[in-house]
Amino acid sequence: MPENEPIIESCLKFDVLSFRRTMNGQVDSVDYIRTAVKHDFLKFDFCDTAHIRYARTSIPYIAEDGSHTFVLEVVHDVISQLFMFTNDHALMDRHQLNAFADSISLETGMFYDCHSLEDILIYKITGDYSKGLYNSIGRYNTTEKLGNTIAHFNFDYGIVHLQDNIGTSSMLKLERLK
């Protein structure tokens, strides 16, 4: 769908994303490498005669040392929605990507026009990521809000900030290097 294109183009601008990583009290830098992009559809059978299809693009990134992965997914459901899957968490921009952009000040610099991605539910990354976010009639299905993972997305830089497992001993913090 044409409405997906600005988000997808922004995500595809980068084969490699470089971050300042803080984990277990250690600070280093890490590159995340984009792997095979998948364009397909989420398909749902609403009833015997009605079928719902949502255009979807999955854009996976993996840390160069293999220690962590995240997947950005753009799904067109009336409007385009950006999801991010990391470890056992699914995040999305509840305000959509056309409004409520904020600035975020990181140790690596200031990033403007960032969109907050909120942790919306526990979701194991196995196979068909976003299918777990929709119920049988294709509506968005939020069952549990966790709040211990946050991220920020920017059209010029992609993911600029991620804090995963906040408040635990396995907290991971990524800050985009310009």
Side-chain angles (χ1 to χ4, degrees), residues 3-37 57-75 79-125 129-130 133 142 144-178:
E3 294 86 349
N4 287 340
E5 291 307 315
I7 304 168
I8 293 168
E9 287 171 10
S10 177
C11 294
L12 292 179
K13 276 197 274 188
F14 306 102
D15 293 331
V16 177
L17 296 172
S18 298
F19 294 98
R20 178 181 188 265
R21 174 174 59 183
T22 306
M23 188 169 60
N24 300 324
Q26 303 293 317
V27 177
D28 63 2
S29 63
V30 62
D31 288 336
Y32 277 70
I33 300 153
R34 188 180 73 221
T35 60
V37 175
T57 301
S58 294
I59 306 163
Y61 285 90
I62 185 166
E64 63 187 337
D65 60 6
S67 63
H68 182 250
T69 62
F70 66 80
V71 178
L72 299 175
E73 276 200 3
V74 181
V75 177
I79 56 173
S80 296
Q81 294 183 342
L82 176 67
F83 295 98
M84 179 178 186
F85 299 91
T86 176
N87 292 340
D88 295 337
H89 304 282
L91 295 86
M92 79 168 287
D93 182 358
R94 290 183 184 271
H95 304 293
Q96 309 315 317
L97 291 172
N98 56 3
F100 302 106
D102 296 316
S103 298
I104 182 169
S105 177
L106 304 173
E107 290 184 36
T108 57
M110 187 75 161
F111 292 88
Y112 299 93
D113 299 322
C114 295
H115 300 270
S116 297
L117 304 175
E118 299 177 18
D119 192 1
I120 52 175
L121 62 129
I122 294 175
Y123 187 78
K124 301 290 183 190
I125 296 184
Y129 310 116
S130 53
L133 297 177
T142 55
E144 182 178 358
K145 185 173 178 185
L146 298 175
N148 64 348
T149 299
I150 58 171
H152 291 87
F153 174 82
N154 175 282
F155 282 102
D156 295 323
Y157 296 100
I159 293 296
V160 297
H161 173 247
L162 169 70
Q163 280 186 274
D164 198 3
N165 297 316
I166 297 169
T168 70
S169 60
S170 61
M171 186 174 103
L172 168 68
K173 182 178 180 182
L174 299 175
E175 296 177 302
R176 184 84 155 87
L177 298 170
K178 289 187 174 184

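Residues: numbered from 1 along the sequence shown.
- Residues Ser58 and Glu73 have side chains that bring a donor and an acceptor to within less than 3.5 angstrom of each other.
- Thr35 places none of its side-chain heavy atoms less than 4.5 Å from the side chain of Ile59.
- Distance check: Thr57 OG1 to Ile8 CD1 gives 3.5 Å after rounding to the nearest 0.5 Å.
- Heavy atoms only, all atoms of each residue included: Leu91 and Ala151 are closest at CD2-N, 3.8 Å.
- Within the 4.5 Å cutoff, no side-chain heavy atoms of Leu117 are placed close to those of Leu162.
- In this structure, CD1 on Ile159 lies 9.5 Å from OG1 on Thr86, to the nearest 0.5 angstrom.
- Of the charged side-chain nitrogens involved, at least one lies within less than 4.0 Å of a carboxylate oxygen, so that Asp65 and Arg21 count as a salt-bridged pair.
- Residues Lys13 and Tyr157 are not in side-chain contact: their nearest non-hydrogen atoms beyond the backbone lie 4.5 Å or more apart.
- Summarising the geometry, atom CG belonging to Asn165 is positioned 5.0 Å from atom OG1 belonging to Thr149; distances are rounded to the nearest 0.5 Å.
- Distance CD/Glu175 to OG1/Thr22: 6.0 Å, rounded to 0.5 Å.
- Tested against Tyr32, the residues Tyr61, Phe70, Phe14 include a single ring pair (Phe, Tyr, Trp, His ring centres under 6.0 Å) partner, Phe70.
- Among all heavy-atom pairs drawn from Pro60 and Val37, the shortest one is CD-CA, 4.4 Å.
- You'll find the ring centres of Phe155 and His115 inside the 6.0 Å limit.
- For the pair Arg176 and Leu17, the tightest heavy-atom approach, listed with the atom from each and the gap, is NH2-CD2, 3.4 Å.
- With respect to Phe19, the side-chain contact (heavy atoms from CB on, under 4.5 Å) criterion is satisfied by exactly one of Asp31, Val30, Leu177: Val30.
- Counting heavy atoms from C-beta outward, Leu106 and Arg20 have side chains that stay 4.5 Å or more apart.
- Looking at Arg34 and Leu12, their side chains come closer than 4.5 Å, going by heavy atoms from C-beta outward.
- By the 4.5 Å heavy-atom criterion applied to side chains, Leu172 and Gln163 are not counted as neighbours.
- If you take CG on Asp164 and OG on Ser170, they are separated by 7.5 Å, rounding to the nearest 0.5 Å.
- Within the 4.5 Å cutoff, side-chain heavy atoms of Val160 are placed close to those of Cys114.
- Here CE of Met84 is found 14.5 Å from CE of Met92. Values are rounded to the nearest 0.5 Å.
- Taking both residues in full, the closest heavy atoms of Asn24 and Ser169 are given as OD1-O, 3.2 Å, listed atom of the first, atom of the second, then distance.
- In this structure, the side chain of Asp102 does not engage the main chain of Ser116 through any donor-acceptor pair within 3.5 Å.
- Counting heavy atoms from C-beta outward, Phe153 and Ser10 have side chains that approach closer than 4.5 Å.
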